[in-house]
Amino acid sequence: MIDRIFDPEAFEQRWYQHWEQSGAFRPQRPDAQPFTIVIPPPNVTGSLHIGHALDNTLQDVLIRWHRLQGRDARWIVGTDHAGIATQMVVERQLAETQQPGRTAMGRDAFEAKVWEWKAESGGTITRQLRRLGASCDWQNERFTMDAGFNTAVNKVFVELFRQGLLYRDKRLVNWDPKLKTAISDLEVEYREVDGKLWHFRYPLEDGSGFIAIATTRPETILGDGAVAVHPDDERYRRLVGKRCRLPVVDRLIPIIADPMVESDFGSGAVKITAAHDFNDFAVYQRHPQAGIPLINLMNPDATMADTCPPDYRGLTREAARASVVADFEALGLLDKIEPHRHQVPYGDRSGVVIEPYLTDQWYVNAGELAKDALAAVHDGRTRFVPATWEKTYFNWMENIQPWCVSRQLWWGHRIPAWYGPDGKVFVAETEAEAQAQAGAGVPLTRDEDVLDTWFSSALWPFGTLGWPEQTADLARHYPGDVLVTGFDIIFFWVARMMMQGLHFQGEVPFRTVYCHGLVRDAQGQKMSKSKGNTVDPLGLIEKYGADALRFTLTAMETQGRDIKLNESRIEGYRNFATKLWNAARFAQMNGIAGHPDLLPPAASQPVNRWIIGEVKACATALEQAIAQFRFDAYADAIYRLVWSRFCDWYLELIKPLLADGADAAAAAETRAVAGWTLDQILVMLHPVMPFLTEELWHQLAERGDLILARWVATDALPADAEASADIDWLIGLISEVRSARTEVNVPPSAKLAYAVDGATPETLARLAANAAAIERLARIVPGELAAGGRLAVVHGEATILIPLGDVIDLAAEKARLEKALAACAKERDALAGRLANPGFTEKAKPEAVDKAREDHAARTAEAERLQAALARLG
RNA sequence: GGGCGUUUAGCUCAGCGGUAGAGCAUCUCGUUUACACCGAGAGGGUCGGGGGUUCGAACCCCUCAACGCCCA
């Protein structure tokens with residue numbers, strides 16, 4: 001028996017274990033059409049936050065829905081090694097436990113520590129995904145650092161190198177002095193900072209005066225290689241081609257003209273420090289004849305290097321800045337200091353100021369790979385939903401820069417490149433191959449660096465399927481159908497999967513990219529640990545059940561918007577689950593059980609024919625919602641069917657049919673239809689609320705699992721317009737009578753007699769056929785039209801007259817009728833006005849004109865009846 | 001500076017060319033044997049401002065404003 005109390009904790013984990021152990025997440029369906037999703041692999045360091053909960057709920061809805069459709073649904077799962085993040089976590093842990101640090105223990109020992117840590121803590125997030133109900137293919141779980149992935153990464157690296165699409169280059173990178181590694185453009189965040197603008201003077205070589213420059217970074221003066229002015233700037237035209245003397249360093253540097261210089265910034269002359277500024281580096285490249293030196297001023301930790309004058313060596317950037325300013329001031333060459341607000345680059349992981357830094361790094365020619373990735377979205381091989389994200393994708397892809405893929409870390413895929421004694425590089429998938437290239441006996445040293453984490457996650461859609469082996473899985477599940485992810489990693493990840501997928505598989509990695517928004521708190525603030533406004537999805541699951549959280553996230557997922565998560569919504573959907581639980585309990589108490597067939601039993605009762613039509617309409621709406629990725633519409637349609645149709649009306653309307661002494665055949669039919677309907681509800685709700693529905697599915701009958709059941713036979717279901725009209729009429733009548741009763745203050749419990757005026761034979765028949773339901777729900781029964789005050793309820797062409805004798809509140813009834821009349825007359829007149837407009841009748845669509853005529857006639861008649869009722873009141 | 005998005009009931013959001021919707025919240029009533037995590041009923045919106053197109057605009061176009069995000 002279904003328990004009186006709905007308690008999600010009682011069955012959620014039990015069902016999950018059953019599904020996983022029975023292989024339900026990946027049923028053997030070799031003949032079915034595959035449906036494939038690859039999970040955005042969560043960081044192995046991480047734990048489930050609410051953003052994961054959203055992302056994975058949506059994926060699970062899609063996977064479960066397609067599984068119910070009979071598809072060979074497969075949700076490929078795994079975790080990401082997350083280079084910097086994981087290395088930081090483990091280093092922090094070593095520090096906290098007073099163990100030797102990374103550099104003290106050495107590379108091999110440190111790597112072993114990370115693997116140890118992964119074995120202990122790496123399962124946290126995958127356990128939490130199970131708690132959420134994610135029906136992933138755990139049997140083939142992957143990790144971006146496992147051996148197969150390493151093979152794939154090496155192969156990709158080597159092939160790109162051979163094709164000239166990957167190369168080693170010395171250029172400026174975004175250098176993180178805390179982590180002592182290069183990072184990519186995307187890992188830099190610009191913050192607006194209140195800084196200063198220092199104005200200095202450099203003496204001209206010929207002693208004829210000075211040239212004034214302004215800078216936000218005085219410490220880099222030590223590396224200046226030129227002063228630049230705009231070619232059209234009259235003030236400086238005569239100085240171009242001359243030289244000035246760099247104070248403190250005492251070096252002669254040229255004055256050059258370059259259109260990059262903004263004449264209205266500062267003095268209109270800027271210093272050029274080619275090794276510490278991206279713009280300056282570009283100037284350096286444009287002026288090879290000027291002989292601008294590239295002076296790397298700093299050590300990897302951003303202290304001043306031996307390339308600086310002796311007094312500066314070893315100072316931090318900040319100390320060197322103060323020192324330079326003081327030295328200029330002492331020389332009388334400091335003009336002024338102005339407050340200046342500007343953008344400063346920070347490392348998104350370390351939070352320290354990024355230093356443009358000249359080093360040797362490996363780069364991928366992203367511009368070349370982007371070509372097909374752009375074309376694939378332009379020609380629709382991959383589409384974005386919502387489509388607006390295409391613009392973001394295009395915009396970035398069209399302006400893509402070389403991708404720096406090497407990282408000075410220890411945790412990650414080590415770069416498969418070896419160097420000979422002369423520095424010659426040998427790129428190969430294995431050391432043996434590199435040795436073969438170099439020649440036997442040549443001593444080789446492997447590149448110390450590892451690859452950017454996104455280099456391996458770019459291979460996720462095919463690396464997970466066994467590539468470079470040409471596996472059956474790869475043939476069957478690549479390309480995937482849908483990628484579900486947050487818009488914030490379109491650049492980081494989606495774009496790179498597109499590039500690598502197209503390049504190495506010749507096909508896009510997925511047909512559709514569904515981008516959802518961010519989950520924010522109830523005030524619309526971005527959630528962050530530092531603000532302390534994060535919500536823990538596990539806590540919410542414990543409080544309300546996983547189903548309620550899933551339903552909430554699904555219902556709130558409207559395309560193109562962030563989600564403002566309010567706990568009251570979760571509570572509301574927990575109530576919804578309780579409502580269905582109780583409805584099923586009621587059904588069971590009345591001998592209603594699961595139905596053995598996909599198709600509904602034959603039905604003669606209008607209420608039964610009606611609910612079958614409602615199921616058909618709902619299923620159709622749900623199918624459309626999935627096709628359009630309208631998760632909110634999915635939740636809305638099933639919520640409405642369950643609560644506003646099935647519970648509010650169907651169950652109430654069938655109570656008389658199931659009562660003692662009711663017609664046995666009608667009762668049997670009703671039990672069968674009710675059972676069938678409940679089954680369809682469970683199937684349709686299952687993708688969103690898998691636990692509750694599976695539990696009830698088994699409570700209602702002995703049978704196989706719902707997770708592997710079949711979707712509603714939508715097309716085969718009858719839609720009975722006549723039954724639908726009957727029941728809509730009945731619902732309308734009951735609602736109007738209830739409303740009227742309340743407005744004239746008739747106690748809800750009072751059972752009243754009624755008579756009817758102006759009814760057609762059809763209406764009289766409907767009143768008779770539904771007498772029991774009307775008595776139960778409107779609390780009126782046919783009777784004599786006694787004298788005295790009457791309540792008049794106009795419904796369609798008929799007026800229901802309910803004599804109330806002296807009890808009636810005449811004033812209230814008069815007010816009620818007047819209000820109804822006013823509303824009706826207003827609509828009538830608006831329609832009349834429209835119909836009187838020749839522009840409308842001539843130009844509008846004929847259907848619109850016909851509808852207006854019909855509505856106008858109906859409103860006119862209704863107004864007359866209300867008028868008559870008012871007249872009778874006197 | 002460039003681009004994108006948002007602005008509809010107290011709150012969160014649907015609707016995107018033919019009479020303004022949902023959930024929550026509010027108010028009134030109610031323990032009729034599934035459910036008070038409930039039932040019945042009610043109130044509440046000149047759809048950000050202005051202009052235009054159209055027989056007709058929350059919906060299309062232009063413009064302004066506010067807020068948010070991304071890129072430089």
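Bear in mind the structure is a predicted one, so any value in this text is a computation, not a measurement. Per chain, numbering begins at 1; letters A, B, ... match sequence-line order.
Between A/R738 and B/U28 there is no side-chain polar atom (N or O) within less than 4.0 angstrom of OP1 or OP2. The side chain of A/K564 contributes an N or O atom lying less than 4.0 Å from OP1 or OP2 of B/C13. Checking the phosphate oxygens (OP1, OP2) of B/G41, no side-chain nitrogen or oxygen of A/S739 falls inside 4.0 Å. Put simply, A/K655 has a side-chain N or O that comes within less than 4.0 Å of OP1 or OP2 on B/A34. The side chain of A/W643 places an N or O atom within less than 4.0 Å of a non-bridging phosphate oxygen (OP1 or OP2) of B/G39. Neither OP1 nor OP2 of B/G56 sits under 4.0 Å from any side-chain N or O of A/N837.
Residue-level contact check: A/R585 touches the backbone only, with heavy atoms under 4.0 Å from sugar-phosphate atoms and none from bases.
For the residue pair A/Y514 / A/Q559, no side-chain donor-acceptor distance below 3.5 Å is found, with atom types taken as modelled. In the model, A/Y573 has a side-chain atom that pairs as donor or acceptor with a side-chain atom of A/R569 under 3.5 Å. For the residue pair A/T670 and A/N608, a side-chain donor N or O sits within less than 3.5 Å of a side-chain acceptor on the partner.
In terms of polar N and O atoms assigned as donor or acceptor, the side chain of A/K391 never comes within less than 3.5 Å of the base of B/C4 in a complementary pairing. Interface remark: the A/R569 side chain does not form any donor-acceptor pair with the B/C24 base, using a distance-only criterion of under 3.5 Å. Looking at A/E652, its side chain comes within 3.5 Å of the base of B/A34 through a donor and an acceptor atom.
Using cut-offs of 30° and 60° for the angle between ring planes, the A/F576 and A/Y639 rings count as parallel. Classification of the A/F384-A/Y393 ring pair by plane angle, with boundaries at 30° and 60°, yields tilted.
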**Request:** Could you provide the dot-bracket string of RNA chain B, using ( ) for intrastrand pairs, [ ] for crossing pairs and | for bases paired to another strand, with Watson-Crick or G-U pairs below 3.5 Å?
**Result:** ((((((((.[[[[.)..(..]]]].(((((.......))))).....[[[[[..)....]]]]]))))))).
